[in-house]
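Here is the structure we will look at, set down as structure tokens.
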Amino acid sequence: MKIICFVKLVPDVENFKYDYERNVLVRENVHQILNPEDCSALSVALKLKQENIDVQVETLTMGPEGCRPHLEDLIKRGVDRSILISDKSYVGSDTYVTSRIISRYLEREAFDWIFSGTHSIDGGTAHVPSQVAECLNIPQMGNILRINQAGLFSDRVRTEVDSEDAVLQFEIERPAILSFQYSTKIKLPYIKYEDLERDVSGQLEIVSNSRLRFCDTETGIAGSPTKVSQVEVDSFGRKDTRFLKCDDEGIEEVYQFLKQRGIVCS
Amino acid sequence: MKKVLIYIDPQAVKDSIDLLEAAEQIYGAGESLSYGIVPGTPPADVFGVFDKLISVSPDRAEGFDAAYIADSIEKLHRDFQFDAVLIPATVFGRMIAPRAAMRLQTGLVADVTEIRHHDEEIVMVRPAFSGRMLAGIVNRGGAPVMMSVRQNIFSYAGPRTKKTEEINFNPEPFRKPGIRYISSQPKPQDEDIRESNVLVSGGDGVTRYFDQLNELAEVLNGSVSASRKVVDRGAAPRHIQVGQSGKIVNPSLYIALGISGSIQHVVGIKNAENIIAVNPDRQAPICSLSNIVVEADAREFIPRIIKRIRKGEYK
């Protein structure tokens, strides 16, 4: 059984700093990390591989060549093969174009399941898994909390999905894209000591436009139907912040504030 | 007259109706005809607010099959040529919108929080990848303009006495479903933090004594919410998470206890009327957003303020 896992490298947005003096976001020296939800999905796949010898796990990433070290790291953790779709002409592609690029690669690949996260922490549009599924005309389900792993080896798998007011159960037919939620319960396997220095470059493959053959007008900023027209810093800083101590005086002031606003009544 | 199609999510009817306000902000009040598409039997609330109503898939699992709804939207668009398609950014709305955009070969903007107009173009504003930046995005492709709209941002206050016309929709069979609905287990209903007037919210600094927030929420007649870190550590359930990946809230009062105010989090409380932050670090980003900052550990603050409130005005 072959599982392809979508893996996106994203800036570590949790560690962005905001410079309130200059009203700008400090983006220098921000590390790239694996998108946490993708990591959860990949962890499920690798655990399955550890427990079943006939499971093959591949990762699929679109991004700059700078992603290589991260992907090599994943190979050392048990991924069989990593594909990096990378081409200068793809830079600036929106989700619509990105999905078409990824789908064109996948059209010629055999697989049983695709795993992904539901959202990425950078864009967070959650478009790509659904749009790739649409291009490939296969089912997709997002916000997955749990799956019945035995089902992966049959034609349909049972999933639990976190929805607005309920946890829903669905059966999804193979092949399909299963998009997971973040989970703290499962982590990537460690790299074994003997694998630390292993040369894994042979298991990493770069796929460029010479293979996927899009015209220039179909990809990148030029090919994208959506265009960012304005970017601005959303400043919701207040100027009149009062700093208080947690002493009688401070507590009294908080209390009076609550009273004035009708939060507490006397 | 412009035509706007709105997906009515049976799990979020009010949020779906609110998109009529977004439609009015795009084309002006009374300048567009609203078409509602709803899986299964239409809920009573939608009559009177939409001009037209199309019910699809009475026998399919109530809108959970995103491919089916996307096919329906495509078919309806061929028949009616909509100028805009709006979908609430609910769990299933977010699966339906990207598929429908692919079928209509149009660009899609996710999680729109504001509509602007610039040089006769419709600018869809959403929090950008950083959360703290706003990106205004335009659709340069053909019609329709398509977006998923963040819940709890727009609020419809227009007429509810329209004569809603139901349109018969009997399309040719679409593709075979690859998803089968099995069952549903409801989550507790009494805890939608978006409906609370007061939120007592805990962050990383209070993970270990998160339970103490309950008492403060109780005396303030509010609810408890949490930052992502607390939820990720398993100290609070995900449905009370505030922020970009959680819920957007707009309470009168937001008390941030031990929350540093990561950009992700701050996006969720932008519309809070008043913010009180309790944090020993006055440089924490949350502080500059707050009306009041109590420079202290939340563990020290909670019992003291509870005591003061209980005492009332007369000491």
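Note on naming: letters A, B, ... go to the chains in the order of the sequence lines (proteins, then strands), and numbering restarts at 1 for each one.
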What residue in [options] has the most heavy-atom pairs under 4.5 Å with chain A?
{"options": "B/Val278, B/Val123, B/Val109", "value": "B/Val123"}
{"options": "B/Asp9, B/Val219, B/Leu108, B/Asn221", "value": "B/Leu108"}
{"options": "B/Ala110, B/Ser260, B/Gly107", "value": "B/Ala110"}
{"options": "B/Ala89, B/Ser183, B/Gly234", "value": "B/Ser183"}

About how many Å separate [atom2] of [Y] and [atom1] of [X], when rounded to the nearest 0.5 Å?
{"X": "B/Ile305", "Y": "A/Glu252", "atom1": "CD1", "atom2": "CD", "value": "8.5 Å"}
{"X": "B/Lys307", "Y": "A/Ile251", "atom1": "NZ", "atom2": "CD1", "value": "10.5 Å"}
{"X": "B/Tyr181", "Y": "A/Glu171", "atom1": "OH", "atom2": "CD", "value": "13.5 Å"}

query: With distance as the sole test, does B/Gln185 use its side chain to make a donor-acceptor pair with the main-chain N or O of A/Val167 at under 3.5 Å?
result: no
task: Say whether, by atom type as modelled, one donor and one acceptor occur between the side chain of B/Arg140 and the main chain of A/Ser224 under 3.5 angstrom.
output: yes
Contact summary for [X] and [Y], nearest pair of heavy atoms:
{"X": "B/Ser288", "Y": "A/Thr241", "value": "O-OG1, 4.0 Å"}
{"X": "B/Ser252", "Y": "A/Ile263", "value": "CB-CD1, 4.2 Å"}
{"X": "A/Ser229", "Y": "B/Val138", "value": "OG-CG1, 3.9 Å"}
{"X": "B/Arg304", "Y": "A/Asp247", "value": "NH2-C, 3.7 Å"}
{"X": "B/Arg99", "Y": "A/Ser130", "value": "CG-O, 3.6 Å"}
{"X": "A/Ile172", "Y": "B/Ile179", "value": "CD1-CG1, 3.9 Å"}

- request: For chain B, find which of A/Arg242, A/Lys245, A/Glu253 contributes the most heavy-atom pairs closer than 4.5 angstrom.
  value: A/Arg242
query: So which of A/Arg174, A/Gln140, A/Gln181 has the biggest tally of heavy-atom pairs under 4.5 Å with chain B?
result: A/Gln140
Toward chain A, the part of [X] with a non-hydrogen atom under 4.5 Å:
{"X": "B/Ile276", "result": "side chain"}
{"X": "B/His118", "result": "side chain"}
{"X": "B/Thr106", "result": "backbone"}
{"X": "B/Gln151", "result": "side chain"}
{"X": "B/Val198", "result": "side chain"}

Non-hydrogen side-chain atoms of [X] and [Y] separated by less than 4.5 Å:
{"X": "A/Leu145", "Y": "B/Arg238", "result": "no"}
{"X": "A/Asn143", "Y": "B/Arg94", "result": "no"}
{"X": "A/Arg100", "Y": "B/Met102", "result": "yes"}
{"X": "B/Phe64", "Y": "A/Val161", "result": "no"}
{"X": "B/Asp111", "Y": "A/His119", "result": "no"}
{"X": "B/Leu220", "Y": "A/Leu258", "result": "yes"}
{"X": "A/Arg261", "Y": "B/Leu253", "result": "no"}

What part of [X] gets closer than 4.5 Å to chain B, counting heavy atoms only: side chain, backbone, both or neither?
{"X": "A/Arg158", "answer": "side chain"}
{"X": "A/Glu160", "answer": "neither"}
{"X": "A/Tyr96", "answer": "both"}
{"X": "A/Ala126", "answer": "both"}

task: Test side chain to side chain contact (heavy atoms under 4.5 Å, CB included) on B/Arg228 and A/Ile121 and set out the steps.
output: CA-CA 12 Å; B/Arg228 197 179 93 186; A/Ile121 57 171; 3.6 Å; yes
message: Counting only heavy atoms from other residues, nucleotides and ligands, does the tally under 6.0 Å from CD1 of A/Ile221 exceed 12?
response: no
- prompt: Is there a salt bridge (charged side-chain N to carboxylate O under 4.0 Å, His left out) between A/Glu173 and B/Lys176 once you walk through the steps?
  reply: CA-CA 11 Å; A/Glu173 271 179 33; B/Lys176 174 171 112 5; 3.3 Å; yes
query: Is it true that A/Glu134 and B/Arg175 make a salt bridge, defined as a side-chain N closer than 4.0 Å to a carboxylate O?
result: yes
- request: List the steps, then state whether side chain to side chain contact (heavy atoms under 4.5 Å, CB included) holds for B/Arg308 with A/Val254.
  value: CA-CA 10 Å; B/Arg308 181 65 191 91; A/Val254 173; over 6 Å; no
message: Are there residues of residues 296-303 of chain B whose heavy atoms fall under 4.5 Å of chain A's heavy atoms? If so, which?
response: B/Ala296, B/Glu300, B/Phe301
